[in-house]
**Q** 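Got a structure here, written out as C-alpha cells. Questions coming.
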There are 2 protein chains.
Amino acid sequence: MHAMNAGQRIDRFQLIPIAAKPAPSTIEALFKKQTLCQVEAGATLFYEGDSASHLFEVVQGVLRIFKIIGDGRRVITGFLYPGDLVGVSLKDRYLYSAEAVTDLRFRRFGRREFQDAVNASLELRPELFARLCDEMAAAQNQMVLLSRKNAEERVCSFLLEHLRREQRTCPNASIIELPMTRLDIADYLGLTIETVSRTFTKLMSRGLIAPEGRHALRVVRARGLARLTGGEYEDDNDFPMRSRHN
Amino acid sequence: MHAMNAGQRIDRFQLIPIAAKPAPSTIEALFKKQTLCQVEAGATLFYEGDSASHLFEVVQGVLRIFKIIGDGRRVITGFLYPGDLVGVSLKDRYLYSAEAVTDLRFRRFGRREFQDAVNASLELRPELFARLCDEMAAAQNQMVLLSRKNAEERVCSFLLEHLRREQRTCPNASIIELPMTRLDIADYLGLTIETVSRTFTKLMSRGLIAPEGRHALRVVRARGLARLTGGEYEDDNDFPMRSRHN
DNA sequence: CGCCTAATTGACAAATTTCAATGGTGGTGG
DNA sequence: CCACCACCATTGAAATTTGTCAATTAGGCG
C-alpha cells in the first residue's frame with residue numbers, strides 16, 4: 001500500500017572528523033574508536049536480506065528500520081536514536097532494512113570484530129544482553145499496541161513514548177520533535193496516514209497537544225494523553241496486573 | 001474484552017520422576033539436571049510483574065505468554081513448545097504472564113544460577129544469544145502480521161507456522177495440533193474469536209484445510225495457504241526484497 | 001512566485017467487531 | 001447409560017472503526 005521514500009544505497013560513507021560525546025557506556029566507548037560516518041536523510045544503510053557484515057551505532061539523527069511484505073506494505077519496527085545499536089543478531093543476513101529519517105551520523109563495526117570484543121569483555125556482555133532485553137520488551141509493547149489498541153490509543157502511546165525520550169535528556173520538556181513523516185508514523189503504528197492525521201487533529205482540538213512548527217509539537221496535557229493510551233503507561237503507578245495470588 | 005481462563009497460581013509444583021530426552025543442546029543439558037515439574041492445563045507459572053526469580057524450560061505441552069492491558073484486553077505474545085525457554089531477561093520482574101495451555105511439564109532454573117552457568121560456559125553464551133535473536137526475529141514477524149496483515153493472512157500465517165513446527169519433527173506431516181482455544185488464537189492474532197472462526201470456515205470451504213478431530217486439523221494444500229499469508233513465507237524462494245542497488 | 005510534496009479533510013466503502021442466537025461436545029452425576 | 005450443564009465454536013445481522021479515494025490546503029525550496 002505505502003510507497004517508501006526512495007533513497008539510494010550508500011556504499012562509500014562520507015567521513016566526518018567530529019566526535020559526539022553522549023552518556024558514557026562501554027559499548028559506546030567501543031564504537032567511539034570507529035570512524036564517524038554521515039549520510040543524508042533518505043539514505044539506506046542496508047536492506048533486509050543483505051549480508052549482515054556490520055553493526056551500527058546511531059550517533060546523531062534518526063533511523064528507521066522496517067520490513068516490507070509482498071505487495072509493498074511496509075512495517076516500521078522501530079525508530080532509532082543516538083546511542084541505539086542496529087543490526088545486532090547472529091543471523092548472517094539483516095532482518096530488516098534501515099534508512100536515515102534525517103541526516104544521520106553513525107559508526108560502524110565489523111560484525112566479527114564486534115563479536116570478539118564483546119566476548120573478550122566481562123562488562124560488554126551484560127550490556128549487550130541488557131540492550132537485547134530492552135529491545136525485546138519494546139517489541140512486546142509494540143505487539144500489544146498493534147494487536148489491541150485503537151487509533152487514538154496508538155497515537156497517544158506514540159506521543160508519550162517520544163515525550164519520554166525527550167524527557168530523558170530534558171526532564172520537563174514538553175515539546176517533541178517528530179522528524180519522520182506522517183507515513184512513517186502510520187507505518188509504525190499500523191494505521192494509514194489519514195487516520196494518523198485525523199487523530200492528531202482530534203487531539204489538538206481537545207487541547208491535549210498543540211502544533212509547534214512544522215516538525216514538532218507541544219504536549220499540553222501529558223496526563224490526559226497518558227489516560228488515552230489504553231493502559232501500560234506505568235507513569236507513577238507501577239504494575240497494574242497483580243491481584244489474586246495464592 | 002476477553003476474559004482469561006482462570007487458573008490459580010501454582011507455588012508447589014508436582015514433581016515427576018520421568019525425564020524426556022529431546023534433541024541435545026547445551027542449555028537443554030543444563031536444564032536436564034533440574035527437577036521436572038508438572039502442572040495442569042490452565043495453571044499459571046507466573047504473572048507479569050512478579051519478581052523474576054526463575055527461568056523455565058518447557059519439556060512437554062504448550063505454554064502461552066501474554067500481556068493484559070487496562071480494561072482486560074489480552075495479547076498473547078507467544079505460544080511456547082518443548083525446548084523453549086521462558087523468562088529470559090535481565091529485568092527483575094517478568095514482562096508477561098505465563099499459563100499452561102495444556103497439561104505441562106517443565107523445568108525451572110534459578111535466575112542467578114542460570115546467569116552464572118551461562119557466564120561460565122563458552123558454549124552456552126552463544127546459544128542463549130542465538131535464542132534471543134530468534135525470539136527477536138519472531139517478534140518482528142509478529143509485528144508485521146499484526147500491523148499489516150488482514151484476517152485471512154493472519155490465520156494462514158498462523159497455520160503455516162504451526163505446520164512448520166510439526167514438520168521439524170516429522171518432515172511431511174500435514175496434521176497440526178491446535179491445543180489452544182479459538183480465544184487464544186484470536187488473542188495471538190489480534191482478531192476476535194468470531195473472525196478466526198469465520199476464517200477457518202472459509203479456508204475449509206475452499207478445501208485448503210480440513211477438520212481432523214476436535215483439536216487438530218489437516219493442511220490439505222500448504223502451497224495454497226502459503227500464497228495467502230501475504231508474503232514473508234520464504235518456503236523455497238529466499239529473500240524477496242532485494243532489487244535496486246547502486 | 002510557483003511548484004512539488006506532505007498533510008488535511010470529506011465522503012464513501014470495506015473489513016472487522018459487536019451483539020445475539022444457535023449448535024456441538026465433553027464431563028458429571030443421577 | 002442417559003440427561004443436563006458448562007463451555008467453546010459457529011453463524012448471522014447490525015454497528016463501528018478504519019481504510020480508500022478524491023479534492024483541497026499548506027509549506028518548503030528553488
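We use all heavy atoms of the structure for the numbers below, so side chains are in, but hydrogens, waters and symmetry mates are not. It should be emphasised that the depicted structure is a prediction, and the values quoted were computed from it without experimental measurement.
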**Q** Taking all atoms of both residues into account, what is the closest heavy-atom pair of B:E48 and B:S97, and its distance?
**A** N-OG, 2.9 Å
**Q** Can you tell me the distance, in whole Å, between the CZ atom of B:R148 and the P atom of C:dT16?
**A** 13 Å
**Q** Over how many whole Å does the gap from B:L145 atom CG to C:dT16 atom P extend?
**A** 12 Å
**Q** Identify the two heavy atoms, one from B:C156 and one from B:L225, that lie closest to each other, and give their separation to 0.1 Å.
**A** SG-CD2, 3.6 Å
**Q** Can you check the A:E153 CD to D:dT17 P distance for me, whole Å?
**A** 12 Å
**Q** Report, as a single string ordered 5' to 3', how protein heavy atoms within less than 4.0 Å touch nucleotides 9-16 of chain D: B base, S sugar-phosphate only, - not at all.
**A** SBBBB---
**Q** If you look at every heavy atom in B:V219 and B:I209, which pair is closest and at what distance?
**A** CA-CG2, 4.3 Å
**Q** Separation of B:L191 atom CG from D:dT18 atom P, in whole Å?
**A** 15 Å
**Q** Using whole Å, what does the distance between atom P of nucleotide D:dC8 and atom CG of B:D187 come to?
**A** 13 Å
**Q** Measure the distance from CG on B:N150 to P on C:dA13 and round it to the nearest whole Å.
**A** 21 Å
**Q** For a quick test of reading the model, state the closest non-hydrogen atom pair linking B:G190 to A:S147 and the distance between them.
**A** CA-OG, 3.2 Å
**Q** Hey, which of B:L228, B:L208, B:L178 is the one that makes side-chain contact (heavy atoms from CB on, under 4.5 Å) with B:L159?
**A** B:L178
**Q** Are side-chain N/O atoms of A:Y81 and A:H162 paired as donor and acceptor at under 3.5 Å?
**A** yes
**Q** Would you indicate what B:G213 reaches in the nucleic acid, counting non-hydrogen atoms under 4.0 angstrom: base, sugar-phosphate, or nothing?
**A** nothing
**Q** I need the CG-P distance between A:L203 and C:dT8, as an integer number of Å.
**A** 12 Å
**Q** Measure CZ/A:R154 against C1'/D:dG19 and give the value in whole Å, please.
**A** 12 Å
